[in-house]
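Remarks on the structure that follows.
Given the structure is predicted, the values throughout are model-derived calculations rather than measurements. Just so you know, these numbers use all the heavy atoms, side chains as well, and skip hydrogens, waters and symmetry mates. Counting starts at 1 for both ligands and their atoms, following the listed order.
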Amino acid sequence: MKKCIILLGAPGAGKGTQAKRLEADFALPQISTGDILRAAVGNQTPLGLAAKQIMDIGGLVDDSIMAGLIEERIAEPDCAYGFILDGYPRTTRQAEILCELLNRQGDGDLFVVNIHVPEDTVRRRIIGRRSCPSCGRIYNIYFEPSRDGNACQNCGDTLVHRSDDQAEVVDRRLAVYREQTEPVIAYYQAQGHFYQVDGFRAIEPIYAELCRILQLH
Ligand code: AMP
């Protein structure tokens, strides 16, 4: 049965880290809408040019634009056995749209997991976050620095500090999360297939709990 996994949580809660591990271990593609938008920004496509202005100030890209993007992505062949959504849905409207898309695709097991982390912790995590532009590995200068300083210990590329991970933008992103994304939790709680995990722990125990919830072994 197709597995549709939705990872919810504030920016910096660890969605990307956990999604990458699930992808590597279980061959389910990670769909990070943030990564897709950043690639569009990098390629200077019309979508990228419009999205950049919004992302730079910590806002959300329009629901209808995101709908087109996600519809196209989950129709790709690598999603035939399921996928892991990381960063989508971010509004209750996006959740409704996703529900329609999944219904149209037919049967599938939906798992919604909220990775909960206190706001002061996610703030530090985001501000300290550095990522490798080549292999995608994520580090944190406070909690988990690269052994090679500012170079990725996996592949040697120079680590980057996302422009929207700068302190000024982070507060805005957290406010947007509180106002627009937190209600998505209640949306899925009401539907009944909702799990919450404590994200204020090391990566390993969170991952083990996720695997149990998702019945992946
Ligand atoms: P992320 O990497 O998930 O933190 O996303 C980075 C930025 O991309 C967000 O702050 C938003 O500006 C934009 N973005 C990513 N996913 C979405 C989404 N589902 N809806 C609207 N904007 C999004």
Side-chain angles (χ1 to χ4, degrees), residues 4-20 22-23 29-74 83-102 112-115 117 119 121-133 135-140 159-185 187-188 199:
C4 309
I5 300 165
I6 300 175
L7 296 183
L8 298 178
K15 303 185 297 294
T17 302
Q18 297 293 341
K20 280 193 178 64
L22 290 169
E23 175 178 67
Q30 171 201 16
I31 302 179
S32 158
T33 43
D35 284 350
I36 295 172
L37 291 171
R38 277 184 289 279
V41 171
N43 293 327
Q44 300 195 328
T45 64
L47 165 67
L49 293 175
K52 182 172 175 11
Q53 304 186 1
I54 298 165
M55 292 166 80
D56 279 350
I57 56 166
L60 290 183
V61 175
D62 190 76
D63 287 342
S64 59
I65 294 177
M66 296 308 299
L69 192 150
I70 211 77
E71 180 172 14
E72 230 172 69
R73 183 64 189 89
I74 65 175
F83 45 81
I84 306 155
L85 290 176
D86 158 15
Y88 190 95
R90 258 181 158 93
T91 64
T92 42
R93 181 67 198 128
Q94 291 184 7
E96 287 163 6
I97 291 169
L98 179 66
C99 183
E100 287 161 26
L101 291 175
L102 294 179
V112 183
V113 186
N114 182 45
I115 304 178
V117 179
E119 190 170 306
T121 305
V122 288
R123 198 170 180 282
R124 274 197 88 197
R125 282 192 188 172
I126 306 173
I127 290 169
R129 180 159 63 184
R130 301 290 181 276
S131 58
C132 174
C135 71
R137 179 152 177 181
I138 297 163
Y139 300 89
N140 189 291
L159 302 179
V160 295
H161 189 195
R162 277 167 46 179
S163 56
D164 62 344
D165 280 354
Q166 317 283 336
E168 318 78 78
V169 187
V170 170
D171 289 329
R172 168 87 182 121
R173 288 171 65 203
L174 291 174
V176 166
Y177 171 76
R178 248 181 276 122
E179 287 155 23
Q180 303 202 51
T181 309
E182 247 176 16
V184 175
I185 295 174
Y187 173 91
Y188 284 117

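On a distance-only criterion, Asp86 and ligand 1 share no N/O pair closer than 3.5 Å. Geometrically, ligand 1 and Gly87 share a nitrogen or oxygen pair separated by less than 3.5 Å.
The two residues His161 and Arg129 have their closest heavy-atom pair at CD2-O, 3.4 Å. Nearest heavy atoms, Lys15 versus Gly9: NZ-O, 2.9 Å. A pairwise comparison of heavy atoms in Gly14 and Arg125 identifies N-NH1, 4.2 Å as the closest pair. The nearest pair of heavy atoms linking Leu174 to Val122 is CD2-CG2, 3.8 Å. Here the shortest heavy-atom pairing between Thr91 and Leu60 reads CG2-CD1, 3.7 Å.
For atom 16 (N) of ligand 1, the closest non-hydrogen atom on the protein side is Thr33 OG1, 2.8 Å. Residue, atom and distance of the protein heavy atom nearest to atom 14 (N) of ligand 1 are Leu37 CD1, 3.4 Å. Here the heavy atom of the protein found nearest to atom 12 (O) of ligand 1 is Gly59 O, 2.6 Å. When hydrogens are left out, the protein atom nearest atom 20 (N) of ligand 1 is Gln94 NE2, 2.9 Å; that is the closest non-hydrogen contact. Among all protein heavy atoms, the one lying closest to atom 9 (C) of ligand 1 is Arg90 NH2, 3.9 Å.
A salt bridge does not link Arg130 to Asp165: none of the charged nitrogens lies less than 4.0 Å from a carboxylate oxygen. Taking a cutoff of 4.0 Å between a charged side-chain nitrogen and a carboxylate oxygen, Glu96 and Arg93 qualify as a salt bridge. Using a 4.0 Å cut-off between charged nitrogen and carboxylate oxygen, Arg123 and Asp171 count as a salt-bridge pair.
At a heavy-atom cutoff of 4.0 Å, ligand 1 is contacted by no atom of Lys15, backbone or side chain. Using a 4.0 Å cut-off between heavy atoms, Met55 contacts ligand 1 through both its backbone and its side chain. With a 4.0 Å cut-off on non-hydrogen atoms, Arg162 touches ligand 1 through its side chain and not its backbone. Counting heavy atoms closer than 4.0 Å to ligand 1, residue Asp164 contributes side-chain atoms (C-beta onward) but none from N, CA, C or O.
Of all the listed residues (Gln180, Arg93, Arg173), Arg173 holds the heavy atom that lies closest to atom 10 (O) of ligand 1. Ranked by closest heavy atom to atom 22 (N) of ligand 1, the top entry among Val184, Ile36, Val61, Asp56 is Val61.
Side-chain contact check for Asn43 and Thr45: no donor-acceptor pair (N or O, by modelled atom type) lies under 3.5 Å.
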